[in-house]
Amino acid sequence: MVETLLRYRGDEASAAPAVSFAAFADAGNAAAVRIEPGDDARALLPHLSQLARIDIAFPSFGDGRGYSAARILRENGYTGELRAVGDVLIDQLSHMRRCGFDAFAPDRPISADAAAKAFATWPEVYQKTVDGRTPIWALRHRETDHG
Amino acid sequence: MYQYDHYDQAMVDARVAEFRGQVERRLSGELTEDQFKPLRLKNGLYLQLHAYMLRVAIPYGTLSSRQMRLLGDIADKYDRGYGHFTTRQNLQYNWIKLEQTPDILADLATVEMHAIQTSGNCIRNISSDQYAGAAADELVDPRPYAELLRQWSSFHPEFDYLPRKFKFAVIASETDRAAMRLHDIGIQIVANAAGEIGAKFHVGGGMGRTPMIAPVIREFVPALQMISYAEACLRVYNRYGRRDNKYKARIKILIHEIGADEYRRQVEEEFAHILTLGLEPPAAELARIQSFFADPSFEAELPEAIDRSDPDFAVWLDQNTVAHKHPGYTVVTISLKPIGGIPGDASADQMRLMADLARDYSFDELRVTHTQNIVLPHVKKADLYALWQMLEGAGLGSANLDLISDIIACPGLDYCSLANARSIPLAQKISARFADMDRQRDLGELKVKISGCINACGHHHAGHIGILGVDRKGTENYQLSFGGSEAADTSLAQITGPGFSEDGVVDALEKATEVYLAQRSDGERFLDTYRRIGMAPFKEAIYG
Ligand code: SF4
């Protein structure tokens, strides 16, 4: 199966096969792991420094647990690749990016152009998340400060 | 009221552009209906029995006259000349064409309105007390807190695919006029012993097939941590709410299954973590929002006396107005429940008239109530008679607030694809049966609520008298229940027994009112009598 990978990182993609969450818990020395919606992302926190890639599976786009998993990983300092895998559609890309995903392996390929357009959907954002964007409330009060 | 700045406007404009593209992709066949469905639902667009239905958000039920006028104009331009105000303080258009929806949204955006997150498994429009900013009994105006939550929840990237829909209500008085504890999160703005303002979080209430009253999860969250606490509540739900069964996916089931204590423990743990992230808007932002909700320039030393010489006016005055916090003013409810009418419907002309009346008599402001009426929050007592005459002339003068004909009814089988039974014709029959105003006033406060299916959009669990439409072997059947309340004394109604036909349920309801009249003691409402004497005497009269 040809899998298009959209990736927004400067480093080389890790070719390591992602082990399952259960296998990772057993062996504990893999560099890439794949978590399913029901897995507790927090269990990975002690191992973040050894991980170059975490795949978060979306068996169905309507199951939003992966968004929380991604944010939790980023909030706790994970800097490796965070890849959304599975039923990932264009209309979810911008929210996923806001939650810390920086790579996407959608079941149905998405062109880089279409993805770029999707990321540009929101001129600004209301929430502070883990993508470094300054939320509107901060922009408002920064403006007032500087007249 | 709140006004958009260029940031808010840009967000809504971006959504209109995004949705226009999505509709184009659907019309060209690039998107299948299955793929399009979740996208249109994020924009309040449902496919109903006969046509598309568009649900427009009315944040915390507050509207300017300019907005109300546009809602009327849209009803004329794109619908059949009317709209339907809902129990979520929103407005629904029932006869919409898919290809016109981007234009409707663009029109709405010109008056700072939208249909964002009025459906789908996300945080829905936030409801509030329809008397906010006017009520004599409120601690503060709850709407700035609701607006803070509105912005936080709009396009929230983590919570767009929750297990199920998620509804907030925010109030700030002991009298609950918003069914606060029947929401996924009900917030009461309170003061602590030190006089600081904060939010009391009730989590896990709801109606639907498993009605539950939300337990208190935290007595006091400081105002400037409210967003962080809400974030923690939602994250625990998003991670652990059930996704295996759509009927068990609301947060109330999660809390019921793991217990309020365990849910609280998880939320507190998440909250402690979230506080370290600094994602709470600062005090200056709350203050900025609050400045939009400052009192309008109320006049001082206005006359208190009202000329009651017109008896019809006096009846309306007594029934449809409540005390205002400022001397010389009153709060007016415009009933959208004329005898034999469709509860919550307003014609385009009526919407425009209400807009004009708000401009002329109520500092440009209107509110939508969860009981499907409209409020003019700040009317001078001296203007009441003139106002009432205008309302009378437009079929908006019904003096039945909280009486038996002030019925909540969902759209039911006349529109809704999920319905088991019709709600509207039943509401019409009940109001016609009790058309006599003296009889209605004698019966006093009596809240009748009708849902066309177990989803309970008509709040039947919270009705003093609740009616639920069910399907019995292919025919419409109605279950009757008594004793619900959505007020501060929140309770859930109990089913009387076997169901009825449409006419049968009206008869049964009438018999119940006779039991009440015979058994009530001084000052008791139907609900009070029911609570005192229990179901048995009612059952005997109805089935005996
Ligand atoms: S209660 Fe049922 S029938 Fe009525 S509007 Fe809701 S889903 Fe439709």
Side-chain angles (χ1 to χ4, degrees), chain A residues 37-42 45 58-72 74-77 87-101 108 114 117-118 120-131 133-145, chain B residues 5-11 13-15 17-18 21-22 25 31 35-39 42 120-122 148 150-163 227 231 234-241 243-244 269-270 273-274 276-289:
Chain A
D39 297 334
D40 180 9
R42 281 208 163 89
L45 298 187
F58 288 85
S60 133
F61 75 85
D63 187 332
R65 284 177 283 187
Y67 295 85
S68 289
R71 258 187 92 176
I72 286 168
R74 290 293 188 216
E75 285 167 0
N76 285 280
D87 193 16
V88 173
L89 307 175
I90 183 128
D91 299 283
Q92 281 97 54
L93 288 186
S94 70
H95 279 5
M96 286 183 166
R97 192 104 185 252
R98 297 223 61 218
C99 289
F101 287 101
R108 274 172 287 182
K117 230 176 121 189
T121 306
W122 305 110
E124 303 293 349
V125 294
Y126 277 121
Q127 311 81 6
K128 180 174 170 187
T129 62
V130 289
D131 61 350
R133 294 184 75 176
T134 306
I136 287 171
W137 49 258
L139 294 173
R140 277 178 180 139
H141 298 286
R142 191 171 64 189
E143 280 187 350
T144 346
D145 286 352
Chain B
D5 62 4
H6 65 277
Y7 293 114
D8 297 309
Q9 189 67 50
M11 293 301 281
D13 291 345
R15 175 42 78 85
E18 183 195 37
Q22 290 164 344
R25 281 154 64 206
L31 286 177
Q35 292 168 329
F36 181 60
K37 185 176 169 189
L39 307 176
K42 296 268 184 266
N121 293 335
C122 52
L148 205 57
R150 182 191 75 82
Q151 295 189 25
W152 161 76
S153 61
S154 294
F155 318 113
H156 195 299
E158 185 177 338
F159 306 133
D160 217 13
Y161 294 94
L162 294 168
I227 296 299
E231 186 109 12
L234 265 295
R235 178 174 285 178
V236 171
Y237 170 56
N238 190 42
R239 300 186 75 207
Y240 298 111
R243 292 174 186 267
D244 59 325
E269 212 172 277
E270 197 66 64
H273 160 70
I274 285 171
T276 67
L277 305 174
L279 46 74
E280 187 83 26
E285 177 61 4
L286 180 58
R288 185 190 74 88
I289 293 173

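Residue numbers begin at 1 in each chain, while the letters A, B, ... track the order of the sequences.
Here the OG-OH distance, from A/S68 to B/Y237, works out to 12.0 Å after rounding to the nearest 0.5 Å.
Residues A/Y126 and B/H156 form no side-chain contact, since every pair of their non-hydrogen atoms from C-beta on lies 4.5 Å or further apart. Side chains of A/R65 and B/Y240 form no contact here, defined as non-hydrogen atoms less than 4.5 Å apart. Contact of the B/R235 side chain with the A/R71 side chain is registered, since non-hydrogen atoms from C-beta on lie closer than 4.5 Å. Counting heavy atoms from C-beta outward, A/R140 and B/Y7 have side chains that approach closer than 4.5 Å. Between A/N76 and B/H273 the shortest side-chain heavy-atom distance falls below 4.5 Å. Side chains of B/D160 and A/Y67 form no contact here, defined as non-hydrogen atoms less than 4.5 Å apart. Using a 4.5 Å cut-off on side-chain heavy atoms (C-beta onward), A/S94 and B/F155 make no contact.
The side chain to side chain donor-acceptor pair (under 3.5 Å) check on A/Q92 picks up B/Y161, with sequence neighbours excluded. Scanning for side chain to side chain donor-acceptor pair (under 3.5 Å) contacts around A/T129 gives A/R98, A/D131, with sequence neighbours left out.
With chain B as the partner, the residue from A/G62, A/P135, A/A69 showing the most heavy-atom pairs under 4.5 Å is A/G62. No other option in A/D40, A/T121, A/V130, A/D91 has as many heavy-atom pairs under 4.5 Å with chain B as A/D91. Chosen from B/A284, B/A14, B/S153, the residue pairing most often with chain A at heavy-atom distances under 4.5 Å is B/A284.
In this structure, the portion of B/L39 lying under 4.5 Å from any heavy atom of chain A is its side chain and not its backbone. Heavy atoms closer than 4.5 Å to chain A are found in both the backbone and the side chain of B/P281. For B/N238, the parts lying under 4.5 angstrom from a heavy atom of chain A are both the backbone and the side chain. Neither the backbone nor the side chain of B/D13 comes within contact range of chain A; no heavy atom of the residue lies under 4.5 Å from a heavy atom of that chain. Proximity to chain A (any heavy atom under 4.5 Å) is restricted, for B/R288, to the side chain, taken from C-beta onward. Of the atoms belonging to B/R239, heavy atoms from both backbone and side chain fall under 4.5 Å from chain A. Both the backbone and the side chain of B/E158 come within contact range of chain A, with heavy atoms under 4.5 Å apart. Heavy atoms closer than 4.5 Å to chain A are found in the backbone of B/E280, but not in its side chain.
Under 4.0 Å is where a charged nitrogen must lie from a carboxylate oxygen, and between B/E270 and A/R42 at least one such pair does.
Between A/H141 and B/P282, the closest heavy-atom pair is CD2-CG, 4.2 Å.
When atom types are taken as modelled, the side chain of A/Q127 and the backbone of B/S154 share a donor-acceptor pair closer than 3.5 angstrom.
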